Every structure is written in structure tokens, then in C-alpha cells.
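This report concerns only the one structure given below.
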There are 2 protein chains.
Amino acid sequence: MTAHGADVQDGDGQAEADSRIESKQSVEVPAARERARAIPEAAVARLAVYLRALSGLADQDVTTVSSDELAAAAGVNSAKLRKDLSYIGSYGTRGVGYEVSVLIGQIERTLGLTRKHSVAVVGIGNLGHALANYGGFPSRGFPVSALFDLDPDLVGVPVGGIPVSHIDDIVEVCTDREVTIGVIATPAQGAQEVCDRLVAGGVTCILNFAPVVLQVPEDVEVRKVDLAVEMQILSFHVARRQQEAAAQSDVDGADLGPPGTGEQVPGEVESANRMVERL
Amino acid sequence: MTAHGADVQDGDGQAEADSRIESKQSVEVPAARERARAIPEAAVARLAVYLRALSGLADQDVTTVSSDELAAAAGVNSAKLRKDLSYIGSYGTRGVGYEVSVLIGQIERTLGLTRKHSVAVVGIGNLGHALANYGGFPSRGFPVSALFDLDPDLVGVPVGGIPVSHIDDIVEVCTDREVTIGVIATPAQGAQEVCDRLVAGGVTCILNFAPVVLQVPEDVEVRKVDLAVEMQILSFHVARRQQEAAAQSDVDGADLGPPGTGEQVPGEVESANRMVERL
DNA sequence: AAATGTGAATGTATTCACAGCT
DNA sequence: AGCTGTGAATACATTCACATTT
């Protein structure tokens with residue numbers, strides 16, 4: 001990630017909790033429609049990006065697209081794009097390209113977007129509000145169906161149309177509303193406890209904004225978005241660039257003013273870094 | 001990715017915009033203190049995670065830690081941790097472990113956290129508010145020194161102590177306040193324009209929450225955090241798990257009720273997915 | 001005895017480059 | 001002629017396993 005990734009993550013990227021799946025041991029399964037496992041994690045992340053690019057094209061009534069065009073729109077190179085698409089099947093036409101609508105359908109199928117995934121957001125602070133009001137969630141496929149906080153003043157208050165429940169009711173409410181994805185937007189302290197309750201409530205996928213490493217059973221998928229980490233990665237790149245610039249001016253001319261780019265005043269030094277606050 | 005990346009970005013992860021750095025061509029540089037380049041992107045992301053774990057230990061007045069302990073706290077295995085740390089130097093003591101304060105100092109140095117990085121947030125919607133109020137930013141090293149929006153009703157209003165400026169003034173204000181990191185929290189449409197202005201204002205690192213692939217000069221580092229992508233990756237894992245469960249129950253007994261875990265009501269199908277709204 | 005630091009081995013991801021289809 | 005789909009080649013990342021140091 002870079003991109004990470006910031007992912008985020010993780011990406012590097014972002015996805016740290018790399019749940020290595022056991023199974024596969026005995027029966028060597030009939031492999032009926034068993035291609036899902038074959039898709040590399042990194043490719044899955046990009047499929048989502050391609051999907052967005054394709055939706056944009058569909059909106060402009062583009063019906064056909066080549067790997068070069070789509071790759072440009074998604075910000076990757078075309079070989080990678082073609083390989084990624086090859087993991088989900090062969091839906092292109094040689095000499096022509098891909099039909100936009102077909103590709104959209106196939107990626108949606110692969111990503112499991114042909115069913116709804118109820119989302120619960122825990123921690124209705126600044127970020128929780130932002131998430132609860134996020135138009136992109138419910139617009140297609142990810143209806144926010146529960147909100148939780150521990151503040152009694154918040155409980156019962158509707159945010160983005162959904163009344164906030166108390167975190168003591170996580171298990172019950174999540175089971176009830178068949179929540180599959182939990183979003184943790186609490187401060188660090190509460191996060192593990194919240195996570196445990198979500199899992200107890202049947203949630204198998206968690207998006208974690210809290211700056212903690214969550215402990216979960218191996219059948220639960222966690223993705224982490226960590227602002228502090230993202231900022232620090234960027235900081236590293238600033239520092240690297242400065243070193244480069246310095247090294248470079250060492251090499252050529254040692255004394256002459258530096259040419260245009262890269263100038264940066266050092267600024268005062270300060271130690272210790274703890275970005276463990278709440279969002 | 002988680003990270004992530006990534007991944008983050010990519011993230012995995014998060015880190016998509018993987019700017020491959022040229023240079024290295026001619027002089028075979030004296031390599032004075034040129035170890036910065038050697039650190040793999042994935043390791044950089046984890047250093048930030050170790051740093052947080054170490055800060056936690058320091059708060060508990062732990063002075064020494066072994067790779068096993070620190071690895072557990074950071075959620076990675078100890079071999080990986082040791083290799084990551086080896087990229088920044090040898091600061092451990094065989095038979096003993098690492099001194100917490102030394103490691104914190106060295107990681108901070110490596111990540112460039114010994115100087116301040118002024119941050120500008122563009123787009124003061126729900127997310128922008130959350131970011132502007134984020135205690136973790138200014139607490140150490142990342143002072144938010146500028147906010148921007150295009151809404152005239154917002155301009156001049158202080159958010160988290162900083163008055164909002166108009167996006168027309170990005171170049172001027174960023175140059176003036178020596179902003180090094182720009183955070184884009186605008187809707188998709190405005191993002192590229194905003195990005196261009198940030199770059200013109202001397203910003204070399206960008207954290208992008210808008211669902212677009214930004215075009216930037218190669219000396220600008222972009223990390224992307226994409227909610228929609230994260231959700232869709234989780235959706236993929238839900239789908240995969242279901243397939244697994246289905247395949248598994250095919251294998252053993254075909255007709256018997258499934259054992260405890262993994263039950264999930266299919267829910268109705270719906271097509272098309274476009275999560276391009278604003279946060 | 002305990003734990004680091006690191007070459008070598010393995011595993012994963014990206015890129016190349018071209019055969020094969022339309 | 002153009003563009004996909006994919007093996008083979010390369011690059012990158014993780015893990016192993018052990019010599020080395022305290």
C-alpha cells in the first residue's frame with residue numbers, strides 16, 4: 001500500500017489480519033464452482049476499484065472498453081488488470097475489449113454484491129456520524145441497519161434515520177437484524193469488547209477504525225483503517241524525499257542553491273508520538 | 001492491506017500509487033546514511049503499528065520488550081517483526097530484547113516524526129469535521145493548520161479551532177502555512193481540482209478519501225482510503241464463506257442441518273453498485 | 001539460556017511477452 | 001490489425017532456521 005493501501009489499509013497494504021483458512025485437508029472437494037478461493041487478496045481489492053470505474057463508464061453510456069482504457073481509468077497497468085479479470089473468468093472479446101455491463105455483473109457476483117449486507121456502526125462520535133450519514137453505504141447493497149453507542153444521551157436519538165441503540169444490546173439487535181458487517185468507530189479502549197459482542201451477535205466481518213489490534217476467531221474477517229498509520233507512512237515519504245534532495249545536492253555542487261523542487265524547512269524537533277485518541 | 005495499504009492502501013492493500021523512484025542511475029551515491037530507501041513499503045506501514053504498541057508499553061512503564069512480546073501486541077509474527085526492525089538498524093540486545101524508549105526513538109526518526117507536518121483538510125462535510133476534530137492529529141506531530149470548503153456559509157466558521165478558508169485560496173494558504181500533507185475529504189467531482197491546487201501549493205503528500213484515482217506528478221505521494229472498497233472486500237469474504245459452507249455441507253451429508261456456524265439467509269438479489277456519494 | 005539479526009528458502013504478486021481469437 | 005488471456009520470468013514479501021551475541 002501505498003494505497004494501501006493506507007489500505008488502508010493495508011494495505012497495504014491494509015489487510016493485516018490475514019486469516020489463513022484451514023480446510024482443504026481431506027476430501028479435495030469436487031471443485032464444483034470453487035474458483036473463489038483462487039483470487040488473490042490484492043486482486044479482490046482492485047476488482048472493487050474496477051467496478052467503480054466501470055460504473056462511471058456505464059453512466060456515460062459507454063458499452064465497451066479495452067483493458068488499456070479501463071486500466072487507465074482505474075490507475076493500474078493493463079497487464080495487471082487483465083490478469084485480475086482472468087481470475088473471475090473470460091468475459092472479454094479478443095480484438096474488441098470488454099462489454100461494460102457484463103463485466104459489472106461478473107465483478108458484482110464475485111464480490112458478493114448481489115445480496116444485501118446489513119451494516120452496524122458502533123460508536124456514534126464524529127466519525128460514526130459521518131459513517132451513519134454516508135450516502136454510499138445504503139445507496140446500493142450496504143444498508144445501515146443498526147447504530148450503537150454507550151452515551152445515554154445518544155441512545156434513542158435517530159442519526160441518519162436510524163435510532164441509536166445501547167451497546168449492551170449489540171448481540172440481540174445484530175442477531176435480530178441479521179447484521180453481517182460491523183463497523184467499529186469507538187475509541188481504542190472499548191473496541192475489543194465491542195468486537196466480541198459483534199462476533200457474539202453473528203457478525204463475521206468487521207471494519208475497524210479503532211487503533212487496536214482486535215482478537216477474533218479465525219472465521220471472522222477484520223479490516224483496519226488507521227488514520228495515524230496512514231499519516232505516518234506519508235511522513236516517512238516526506239522524510240525520504242528530503243534525504244534524497246539532500247543527498248542529491250551533496251552530489252552536484254555541494255554549495256549551489258537547490259533547483260526548484262523539494263525545498264522544505266526542517267522545523268523544530270519534538271519527540272514521542274502517540275496518536276491513540278478517538279476520531 | 002491492509003495496507004491498505006493497503007493498501008492501504010493499499011492497501012493493501014492500500015498503497016496503490018506506487019511511485020517507483022528513478023534516480024540510482026549515475027553516481028552510485030556515497031551511501032552515507034542512505035538506508036532509508038532500503039525499507040520495503042510493507043515494512044514502513046508496520047513500523048507505525050509497532051510504534052503504537054511501543055507507546056502503549058511505555059505508558060505502562062515497560063522498559064524492555066522481546067520480539068515475541070512486541071509481535072503479539074502488534075498482531076504479527078516475531079520473525080517478521082525482527083526483520084522489519086532490522087531494516088532500521090540493530091537496536092536490540094541478544095538474549096534480552098529491545099529497550100522500549102530506544103526503539104520508539106529510532107522508529108520515529110525513520111518515519112520522519114521528529115519534525116512537524118502541517119496538515120490541511122479539504123472538504124468540511126461529515127468526514128471533514130471528524131478529521132478536523134480528530135485529537136490524534138495535532139496531539140503529536142500533525143497539527144491541522146488549514147481547513148477548506150467551497151460552501152460560503154462555512155468559510156470563516158471555526159471548526160476544531162481553525163477557521164475554514166475557501167478552496168480558491170488553497171494555493172496561497174498552503175504555501176503560507178507550509179502545509180506538507182493534504183487530506184481530501186470532498187465528493188468525487190471536486191477532488192482532482194482540489195488535488196491540483198494542493199500540489200500547486202507545495203503539498204507533496206496526499207491522503208485521499210474521495211472515490212477517484214488522482215493524477216499527480218511523480219514526486220507526489222498519494223494514499224487512498226476508500227470506504228466502498230473496504231466494504232466490498234468484506235462482502236467478498238462473506239460470499240466466500242457462504243460458498244465454503246455450502247460446498248462443505250455438499251460433501252458431508254447433503255441433507256443434514258448445518259452445524260452451528262456459517263448460517264446466513266440469502267436475502268433478495270439486487271443489481272448495480274455505485275458507491276460514489278460523499279462521506 | 002535466551003533472544004537478536006539475517007542469509008536462504010519459500011510463497012505471493014507483478015510484469016513481460018506472445019500465442020490465439022475475432 | 002487489435003486486444004484478450006495466460007504461461008513464464010521477474011520482483012517483492014514472508015517465513016524458516018540457525019549462527020551469533022549477551
Side-chain angles (χ1 to χ4, degrees), chain A residues 1-5 7 10-18 20-21 35 37-47 50 64-72 74-99 102-103 106, chain B residues 1-7 9-21 24 35 37-47 50 64-72 74-99 102-103 106:
Chain A
M1 262 207 339
T2 309
H4 321 209
D7 251 67
D10 140 1
D12 120 27
Q14 242 68 336
E16 285 304 271
D18 199 322
R20 206 154 315 300
I21 299 99
R35 53 177 150 9
R37 187 68 16 65
I39 307 177
E41 186 69 23
V44 171
R46 286 188 299 262
L47 285 174
Y50 305 154
T64 286
V65 69
S66 72
S67 62
D68 276 326
E69 291 161 348
L70 184 53
V76 302
N77 79 34
S78 65
K80 192 189 281 178
L81 178 134
R82 287 201 303 280
K83 177 134 292 211
D84 287 345
L85 292 182
S86 79
Y87 294 126
I88 69 172
S90 295
Y91 302 106
T93 307
R94 287 163 199 243
V96 178
Y98 302 89
E99 201 181 328
V102 171
L103 221 43
Q106 291 303 326
Chain B
M1 263 301 322
T2 159
H4 157 3
D7 117 135
Q9 153 15 28
D10 329 197
D12 171 288
Q14 249 59 347
E16 285 305 89
D18 199 323
S19 48
R20 206 154 313 299
I21 299 98
K24 171 65 73 60
R35 53 177 151 11
R37 187 67 18 64
I39 308 178
E41 186 69 23
V44 172
R46 285 188 300 261
L47 285 175
Y50 305 153
T64 286
V65 69
S66 72
S67 61
D68 276 326
E69 291 161 347
L70 184 52
V76 304
N77 78 36
S78 65
K80 192 188 280 178
L81 177 133
R82 287 200 304 279
K83 178 135 292 211
D84 287 345
L85 292 182
S86 79
Y87 295 126
I88 70 172
S90 294
Y91 302 106
T93 308
R94 287 160 199 245
V96 179
Y98 303 90
E99 203 182 325
V102 171
L103 221 41
Q106 290 303 326

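Residue numbers start from 1 in every chain, and the chains themselves are labelled A, B, ... in the order their sequence lines are given, proteins ahead of strands. Nothing here was measured: the structure is a model prediction, and the numbers come from that model.
For D/dT22, the OP1/OP2 oxygens have no side-chain nitrogen or oxygen of B/T93 closer than 4.0 Å. The shortest distance between the side-chain N/O atoms of A/S67 and the OP1/OP2 oxygens of D/dT4 is below 4.0 Å. For A/Y91 and D/dC3, the shortest distance from a side-chain N or O to OP1 or OP2 is not below 4.0 Å. In this model, the phosphate group of D/dC12 is not approached by any side-chain N or O of B/Y87 to a distance below 4.0 Å at OP1 or OP2.
The shortest heavy-atom contact between B/V96 and B/T64 is CG1-CG2, 4.2 Å.
Between the CD atom of A/E41 and the P atom of C/dT14 there is a distance of 11 Å, given to the nearest Å. The distance from atom CG of A/L81 to atom P of D/dC3 is 14 Å, rounded to the nearest whole Å. Atom-to-atom, NZ of B/K80 to P of C/dT4 comes out at 17 Å; the value is rounded to the nearest Å. Rounded to an integer number of Å, the gap from CD of B/E69 to P of C/dA2 is 13 Å. Look at CG on B/L85: it is 15 Å from C1' on D/dT14, rounded to the nearest Å. Between the P atom of C/dA13 and the CG atom of A/D84 lies a distance of 11 Å, rounded to the nearest Å. Whole-Å rounding puts the B/I39 CD1 to D/dC12 P distance at 15 Å. Rounded to whole Å, atom P of D/dG5 lies 13 Å from atom CG of A/D68.
As judged by a 4.0 angstrom heavy-atom cut-off over every strand, A/N77 is placed among residues touching the sugar-phosphate backbone only.
B/D84 is not listed as a side-chain neighbour of B/V44, based on a closest heavy-atom distance of 4.5 Å or more. Side-chain contact between A/R82 and A/Y98: present, with at least one pair of heavy atoms (C-beta onward) separated by less than 4.5 Å. Side-chain contact check for B/Y50 versus B/V76: some heavy-atom pair is nearer than 4.5 Å. Looking at heavy atoms from C-beta onward, B/L85 lies in side-chain contact with B/L47 at the 4.5 angstrom threshold.
Of the listed nucleotides (D/dT14, D/dT4, C/dG5), C/dG5 has the atom at the smallest distance from the side chain of B/S90. Relative to the side chain of A/P40, the nucleotides D/dT14, C/dA13, D/dG5 differ in distance, and C/dA13 lies closest. Checking C/dG20, D/dT6, C/dT6 against the side-chain heavy atoms of B/K83 singles out C/dT6 as nearest. The listed nucleotides are D/dT21, D/dA17, C/dA19; the one nearest the side chain of B/R82 is D/dA17.
In the interface, the side chain of A/R94 is not paired with the base of C/dT22 through any donor and acceptor atom under 3.5 Å apart.
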